[in-house]
There are 2 protein chains.
Amino acid sequence: MTEAAPRPLPPVRGVTMADVARVAGVSRGTVSRYVRKTGYVSSRAAKSIEAAIHETGYVPNVAARSLAGMRARNIALVIHQDATLFAEDPNLMGMMVGANQFLTTHDHQLLVMIHPEQGGLTRFKNALYGGFLDGIMLAAPRIGDPLVGLIQESGLPASLVGARAEGLTIPVVDVDNYTGAYEMVTYLLDRAPKPAKRVAMIAGPRDTTAAQDRRQAFVDCLEARAIEPIVEVSEHWSHDSGLVAARALLDAHPDVDTVFCANDSLAAAVMTVLQDRGRTVPDDVRVAGFDDSRWAMSTTPHLTTVAQPAEAMGVALAELVVRQLGGESLGGQLFLQSTQIVVRGSA
Amino acid sequence: MTEAAPRPLPPVRGVTMADVARVAGVSRGTVSRYVRKTGYVSSRAAKSIEAAIHETGYVPNVAARSLAGMRARNIALVIHQDATLFAEDPNLMGMMVGANQFLTTHDHQLLVMIHPEQGGLTRFKNALYGGFLDGIMLAAPRIGDPLVGLIQESGLPASLVGARAEGLTIPVVDVDNYTGAYEMVTYLLDRAPKPAKRVAMIAGPRDTTAAQDRRQAFVDCLEARAIEPIVEVSEHWSHDSGLVAARALLDAHPDVDTVFCANDSLAAAVMTVLQDRGRTVPDDVRVAGFDDSRWAMSTTPHLTTVAQPAEAMGVALAELVVRQLGGESLGGQLFLQSTQIVVRGSA
DNA sequence: CTGAAAGCGCTTACAG
DNA sequence: CTGAAAGCGCTTACAG
């Protein structure tokens, strides 16, 4: 075709529906009806269109289809977290896998977008109103996350993980963090090989509901027994951040015999620090984590932890969006997925 | 299950350029020129358009823009691997991070798509010709990967990692696997604390060039010294698969004193099997890996391995696509990134 | 059963 | 400097 100077690259334009129509000897409308399996098409026309499509290698243009009011069959999983942290978060990976699996079997395409915590909103709005997304799943939202408001405003079918807010009209899937943590603390207090005498917790970053719930369960469980809870907060969910928190905790309370951590990488960090200080796990100190992530199997001994069904959550996220696409309205319902304690060597 | 009624959802349509034009009291063309910063717009018109955009909250529709021949500013990183394997592959994560970082600072949006190994080609073609992608980066391609041909046919700006093929017109970025492996084997033979007497290798899956190159280096290095190489092939890059290969290797050659592994998860697997059989690392057997992934720090002792600049590769992939978008033609050039030996406790 | 036509939102020559 | 108009590829009433 013709190339203009200001456009260095020839536009990528495949064969169009018009090409197919010409080859098949019918109108574009008829081709459209055939492709979309909507409306009547004589078997004679169908035959020749079929052949023409095969001959030309026609592939529909999603942008045009979207412009004309149809669905693009793309659904985005937005990771609202800096990429490097994302890479360290096993749950996010699991969700991605689960969502991909569900979407693939339901004839949709998963698009993962990483949106940094400090990123501008413009790029996100562009995606929202870009016309190439039929739905949005938001992972790792903060409390009061502005992205949630934008999604709601857009009216796009959506689902969130782990967010709770007033006036939320988007369904949320989450693990039952509170119950999971409560069960684990109870285990540490009563049933562990060496029941805890002096327990502390390394809590996760303050701005996530997961961290809040796990911490609240810890506090409630101890207060129910009139034990004073010791809590050290880690700034991030990462191992590095956990190292800092663990040192602070152990400096302030050298006598703890049990540490419950808000996730596995924090627990691994505690074990590292403990080892550095010549204390053994689980003999001197018991350590437990949360998530049953890869970290859980990479410590010595392996971590006793709370298994989190990350893939199931991804499936749930995707399913909620697809159901809305099917016409259901789910409002701000909360879909809790339950956890399970996994006892290994560390506690 | 499937989408029922015609269109149960109100289509998500934000304010359009026409709305802005009306509010600003100018024509749509003028708004477009203003938004795209192309052509002349009087400062008076600019003022009122500016205000109108702000007032209406206008966000451009990418689909329409794309249809009109413009770029969507979306670039896809296609992971050609089953999602569960992807989740285990640290390099892929690093590339994702690197690509995201480069693209974000260059005003493009990264879209990650997971394409299963056995997946049909239709879904991929749809993305290629969908009109919402300006470029493609392909990670984890197999040898003779059909996706490469499709990308080439489409004419979309693209880059690949780790693929080599006749007649390739797409630039490739790769680590210098051969040199990296050769250096490591040389180290194991000559300079390690306990130089190897009887070395074996656990090689990676046959259908990747990375596995081939690492294995070839091992073979060449040994043959240069007239030592017969022992090689056991692991079906996948995964830890589980490595367990199987390690057992087979150790059954057939119980006397090896050094095992070079094609990646870290395989090395970790070897260490696990060794431990099960009561042999210590590095005293009885030395083990080395490749990648310097998270696995490398999760074994006891930590792994001696070959560091792979995964993030740098992601950056390179993205940069190559963006350069093509800028008009450069790179052909099938190969961009090799060099590795570095990291000596830790295991060898 | 099937064409012709209008429209989705945006861009870009082309007149004025 | 700016408006009117055509076109990108597809879908969908609406006539025939």
Side-chain angles (χ1 to χ4, degrees), chain A residues 1-7 10-22 24-49 52-53 56 58-73 126 128-132 134, chain B residues 3 5-7 10-22 24-49 52-53 56 58-73 126 128-132:
Chain A
M1 287 278 198
T2 44
E3 277 94 9
R7 198 189 297 152
V12 177
R13 299 216 180 272
V15 321
T16 77
M17 198 166 252
D19 296 326
V20 175
R22 193 169 356 89
V26 298
S27 78
R28 307 182 319 163
T30 305
V31 175
S32 177
R33 267 175 249 121
Y34 171 80
V35 177
R36 314 215 61 244
K37 304 298 182 210
T38 165
Y40 296 97
V41 177
S42 67
S43 67
R44 199 161 150 287
K47 278 258 168 2
S48 57
I49 293 174
I53 287 179
T56 58
Y58 169 71
V59 178
N61 179 307
V62 177
R65 202 172 251 191
S66 160
L67 233 207
M70 303 309 295
R71 304 239 170 94
R73 307 203 75 85
N126 268 53
L128 234 32
Y129 294 96
F132 62 96
D134 296 336
Chain B
E3 278 73 306
R7 196 189 299 159
V12 177
R13 299 218 181 271
V15 323
T16 78
M17 197 166 255
D19 297 325
V20 175
R22 191 167 358 86
V26 298
S27 79
R28 307 182 318 164
T30 304
V31 175
S32 177
R33 267 175 249 121
Y34 171 80
V35 178
R36 311 215 62 243
K37 303 301 181 209
T38 166
Y40 297 96
V41 176
S42 67
S43 67
R44 199 161 148 289
K47 278 257 169 359
S48 58
I49 292 173
I53 287 179
T56 58
Y58 170 71
V59 178
N61 179 306
V62 178
R65 204 173 250 191
S66 159
L67 231 207
M70 302 308 295
R71 304 241 170 90
R73 306 202 75 83
N126 269 52
L128 233 32
Y129 294 96
F132 62 95

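Below, chains carry the letters A, B, ... as their sequence lines are ordered, and counting in each starts from 1.
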Ser48(B): what forms a side chain to side chain contact (heavy atoms under 4.5 Å, CB included) with it, not counting sequence neighbours?
Ala24(B)
What's Ser32(A) touching, base or sugar-phosphate or nothing? Going by heavy atoms closer than 4.0 Å.
base
Answer with base, sugar-phosphate or nothing: what part of the nucleic acid does Val31(B) contact at a heavy-atom distance below 4.0 Å?
nothing
For Arg28(A), which residues count as a side chain to side chain donor-acceptor pair (under 3.5 Å) partner, sequence neighbours excluded?
none
Could you pull out all residues at least two apart from Arg36(B) that satisfy side chain to side chain contact (heavy atoms under 4.5 Å, CB included)?
Ser32(B), Thr38(B), Met70(B)
Paired runs of 3 or more consecutive Watson-Crick or G-U pairs involving DNA chain D, with both pairing distances under 3.5 Å, are C:1-3 with D:14-16, C:5-12 with D:5-12, C:14-16 with D:1-3
Quick one: label Val26(A) by what it contacts on the DNA or RNA (base, sugar-phosphate, nothing), any heavy atom closer than 4.0 Å.
sugar-phosphate
Of all residues at least two apart in sequence or in a different chain, which pass the side chain to side chain contact (heavy atoms under 4.5 Å, CB included) check with Ala64(A)?
Asn61(A), Leu67(B)
Is Ala45(A) touching bases, backbone alone, or none of the nucleic acid, heavy atoms closer than 4.0 Å?
sugar-phosphate
Below 4.0 angstrom from OP1 or OP2 of dT12(D), is there any side-chain N or O of Arg33(A)?
no
Pick base, sugar-phosphate or nothing for Val35(B), based on heavy-atom distances below 4.0 Å to the nucleic acid.
nothing
Need one value for Tyr34(B): base, sugar-phosphate or nothing, where a base atom within 4.0 Å counts as base even if backbone is also close, heavy atoms only.
nothing
Quick one: list whatever passes ring pair (Phe, Tyr, Trp, His ring centres under 6.0 Å) with Phe132(B), sequence neighbours left out.
Phe132(A)
With respect to the phosphate group of dT12(C), does any side-chain polar atom (N or O) of Tyr40(B) fall under 4.0 Å of OP1 or OP2?
no
